[in-house]
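Report on the structure given below.
By convention in this document, chain letters (A, B, ...) are assigned in the order of the sequence lines, proteins followed by strands, and residues within each chain are numbered from 1. Side chains are part of it too, since the values below use all heavy atoms of this structure and drop only hydrogens, waters and symmetry mates.
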Amino acid sequence: MSTNGSVAPLVVARGLRKEYGSGEGLVRAVDEVDLEVAAGEALAVMGPSGCGKSTLLHLLGGLDRPTAGELWLGGRRIDRLSERGLAQLRRDDVGFVFQAFHLMDELTAQENVELPALLAGRSPRAARRRARELLDDVGLSDRAGHLPSALSGGQRQRVAIARALANEPELVLADEPTGNLDSVATLEVLRLFETLHTSGLTLVVVTHDERIATTADRLISMRDGAFVDETRLVDGTRGPLGALFGVELEV
Amino acid sequence: MQQEVVLALLAKEPSTGSQLRARLNDALGPLGEAMNDGQVYVNLSRLEKAGFIARETSGAVGKVYALTPAGQDRVAEWLTEVSWPKPDLAEFHLKLVAAAEARLGDPIGIVDAQRRELLRRLREVGRAAMAEPQGSKAGLLLEGIVLRLQADLRWLEACERAWTDRRNR
Amino acid sequence: MLGRTLLAFRLVAASLRRRPVEAAVTLVAIAATTTTLTLGLALHGVTDHPYETTRAITSGPDVVAMPTSSPTTSGPRISSPKAGSAPRTNRLAALDDLVHAEGVVAHSGPYPVSFPTMQVNGSKVLAVAEGRSSRRAAVDQPYVTEGTWVRTGGVVIERSFAEELGVDVGDKVTLDGRSFPVVGIAVTAAVPPYPYTVTGVAFDTLPDIWSQATGLIWTTEPIARSLATPSVPLSYMLNLKLADPQRASAFVAAHSANHALYLESWQYVRKVESQQMLPFQRGLLIGSALLDLLAVASLAVIVGGRLAERTRRVGLLKAVGATPRLVAGVLLLEYLTLALLGAGVGLAVGWFAAPLIANPGAGLVGSVGAPPVTPADVGWVVALAVAVAGLAAWIPSVRAARTSTTSALADSARIPKRRRLLVGAASHLPTQLLLGLRLAARRPRRMILTLVSVTVTMTTIVSVLAIHAHESQAAPIPRSVFAIPVNPNTRNTDAVLLVLTVVLVFLSIVNAVVITWATSVDSKQPLGVARALGATTRQVSAGLSTALLIPSLPGVIAGIPLGLLLVKAAGHGSSVTVPSGLWLAAACIGILLGIGALSSIPARIEARRPPLDALQSELT
């Protein structure tokens, strides 16, 4: 683990459950999940589509409320928050990155990135400055005035990542962030996540792609709403890559 | 890897051993690290003995090797070959079968352990790929290994499903 | 073919089931539009050339003539027709000459006319009683709308007169103390209706009971003669038909030199009629114009409102391999279903509502008797519904055909333009306003649509206010010495205006709801995103309200002069009373508050669901 074990975890879930429907049609999308995510950790949740991983992510970020169980974020219990409280949580404490980007088509890249800061009541000047910085960080300062429709998929996702960071959240949640991207754009986004991770941000990425998942420190496999396996990826690093996949000439 | 790769790299222009080594490194990236210089020189002297290459001059830069006509023929022939490494999955497969039949271990446990190992490897290669600058030749090779590993992981998933079914039956 | 038809029906059913609220709102909007049109058409029937219609049906005279008694003849009055044989002969001789005048092709009368006091339902009014035979007259045969034509012992009352007095067939009226049954109610084009009938007759012989509020009744000749008194002697009425009706005024001018005669052209009657139409039919005329405008406005919103969503759906259908024709067919079918259902509802509502509005119209044939909604009206309404369906299906089909399937799916075909000024101004405002302003600025078409709709709504309300203001200011009709408890004319106008006001305001509200709904459907995705980013419900609903209020403000302001202009135009240039500033301000603020409040409803409904739904429904 990349962080000190004694530090209180940023995210704690106990017996987390989310049900849809009722009676015969009852679906347990998330079924009694216990989870701890340390501050600064990068966690990947993997599983086939419909396993409940996206629902779990939405619960963690206050986009949805659990049916049962307890959920803490930064020591604060969030599963019983009011709609208003949840809105504040999404605004100040969590940054979301979606597969479909979910940028506002009507707003330019710059304005999209400004949005969370403005919603949080920052001054337009401060919001603009922050947005400029973030767009610069994701390498899109020359695209600030473009509408999303004028950007490539990778660029849109980078704008979305910049937006997720606007209010300096402790936790960034990403739902199949590269699902709509080609391999080059995927690498761009992964590099960006790597930078975020290195800078100490806590990341939870939900994906069905092993490659994305293995960029994390820890990988949880989910099946039918429950965790079935956990792999600590940072353990047992093998030194130079060549030792594993090295090329040798026949001698 | 066959010695023809060294031969083929000489087709571009006559080169010294260290120039060849640099080009190999450029093409292989981190994966070329395991190769030692000795392997290159041993290869070069063998190819010379076989008459595929000849020493041009021996100046300040060292020995400069060039392809002979026979060498050029060999390279052309090599380029048209369609051989491909055999996928080597039988060993692991038999490991599972043996473990299950002899009740020496749980095939699913074996699969899980293997899967973790492959995931960690994937992480290493993936990070190496991310570290490569855009458009690097080595990046493409790393991409290939990533895809291979992903295919292997998928097969492991299939193994896990199959062995779980078999156990439950 | 069968399979594809089945598929089309299935798709339509699925689409309607999947979005029941949107289907319902579309249905309501189309129903409101068709109701509006039905009412508008029904009102046109009332207000379009009502005098001409009546004139044609009743073989109305081109000129009406009456003898005058010389103003100097103030000596002893003749107490009975027989006793006054000499003046009577003189008078009739003058009328007889007129019958043979040049240009006259037909005539009826002279009919005896007396001026009894009529008592009915506790009211005392002056009646003009014309003695007619039961036979059909060649000129001026009043059109019976209820009961029968005159027969012995009974009277027929002119309809506007009867309505004002609240008299029905079968009631009894008292004429100079004698009781007569009412056998019929009829309309005529020969004289203006109540209360101006008297202006159409030579009344200078009756200085004692001068009053404008008189109405016409018909009875048999003997009764009419018997109602003459020494103080109010018998007179006569002659109806003439000219070879060239357009020359009626000239005919009157030519023969007025003869001071023994008082003549009136049909143009004069029409003028009085149309003056009297104020404020009766003026309200109706303005009302129908406004109804038409409202219909157009909500139509535009309906067609425009579902476009974006439809375009994406077309993309989806194409993506799964539907041919453009099938796509267009499915869309058309869906809209046709909604449009025809809506038209049915609209016609039914219009059918019941039209008489409420049209009935109190003046005593002319067009308004009552014939059904207010004609088969032609039904045709127009259904045609409109089909046209709406066609247009609403056609535009997204064409657009989707032009754009590639993938971009239709992503709905990125429409790239909103930047509006520098608005966007720049926004950065100094609170977040909610900023959000709304940016939403509005990037959807110029939606903004224009909202602007137009709000303008129409405000125009409506200003017109209604102006008419009411005019009403309360207008001088009351000179009261008869015979007291009528309430001026029935004013009472009826109020009823008309009230019904019209209620209908118009209701439709305006429907319109506002439709605009709000369309805007919130459009803004669902951006507002969902805003919520996912932590915008509170209040911020989201304030943003939506702002997006609507920005174009509403100029609309409300523009509505004031437009409303006044409309009233002026409908009043044929007569003066317009500007409603008090207080009322106008109240209307402005009321509309803006209403739109603001309405727009917060969808945002609040949306807020009850997790923001996920708005995001996930994007591709469905």
Checking A:Gln155 against A:Leu140 for the side-chain contact (heavy atoms from CB on, under 4.5 Å) test, could you report, in this order, the C-alpha distance in whole Å, the side-chain angles of both residues, the deciding distance, and whether it holds?
CA-CA 7 Å; A:Gln155 288 170 335; A:Leu140 286 175; 3.7 Å; yes

With the side chain counted from C-beta on, respond yes when A:Leu181 and A:Phe101 share a heavy-atom pair under 4.5 Å apart, and no when they do not.
yes

Chain A heavy atoms under 4.5 Å from B:Val125: which part of the residue, side chain, backbone, both or neither?
both

Under 4.5 Å to a heavy atom of chain A? For B:Leu142 that would be side chain

Candidate pair A:Asn180 and A:Gln99, rule side chain to side chain donor-acceptor pair (under 3.5 Å), full reasoning:
CA-CA 6 Å; A:Asn180 280 0; A:Gln99 177 175 7; 3.2 Å; yes

Okay, B:Leu118 and chain A: the region with an atom under 4.5 Å from a heavy atom over there is neither

Pair A:Ser183, A:Arg211: side-chain N/O donor-acceptor within cut-off below 3.5 Å:
no

Side chain, backbone, both or neither of A:Ile212 within contact of chain B (heavy atoms, under 4.5 Å)
neither

Below 4.5 Å from any heavy atom of chain A, which atoms of B:Arg127 appear? Answer side chain, backbone, both or neither.
side chain

Under 4.5 Å from any heavy atom of chain A - which part of B:Glu4
neither

Should the ring pair A:Phe98 and A:His102 be called parallel, tilted or perpendicular, given that the plane angle runs from 0 to 90° and is split at 30 and 60?
perpendicular

Run B:Arg115 and B:Glu117 through salt bridge (Lys or Arg N to Asp or Glu O under 4.0 Å) and show every step you take.
CA-CA 5 Å; B:Arg115 208 168 71 88; B:Glu117 175 58 23; over 6 Å; no

Given side chains that start at C-beta, do those of B:Leu153 and B:Leu122 come closer than 4.5 Å, heavy atoms only?
yes

Apply side-chain contact (heavy atoms from CB on, under 4.5 Å) to A:Gln157 and A:Val97, showing your working.
CA-CA 8 Å; A:Gln157 195 58 299; A:Val97 179; 3.4 Å; yes

Taking 4.5 Å as the heavy-atom cut-off, does anything in residues 159-167 of chain A contact chain B, and if so which residues?
none

Can you check whether B:Tyr65 reaches B:Glu56 side chain to side chain, under 4.5 Å on heavy atoms?
no

Under 4.5 Å from any heavy atom of chain B - which part of A:Ala213
neither

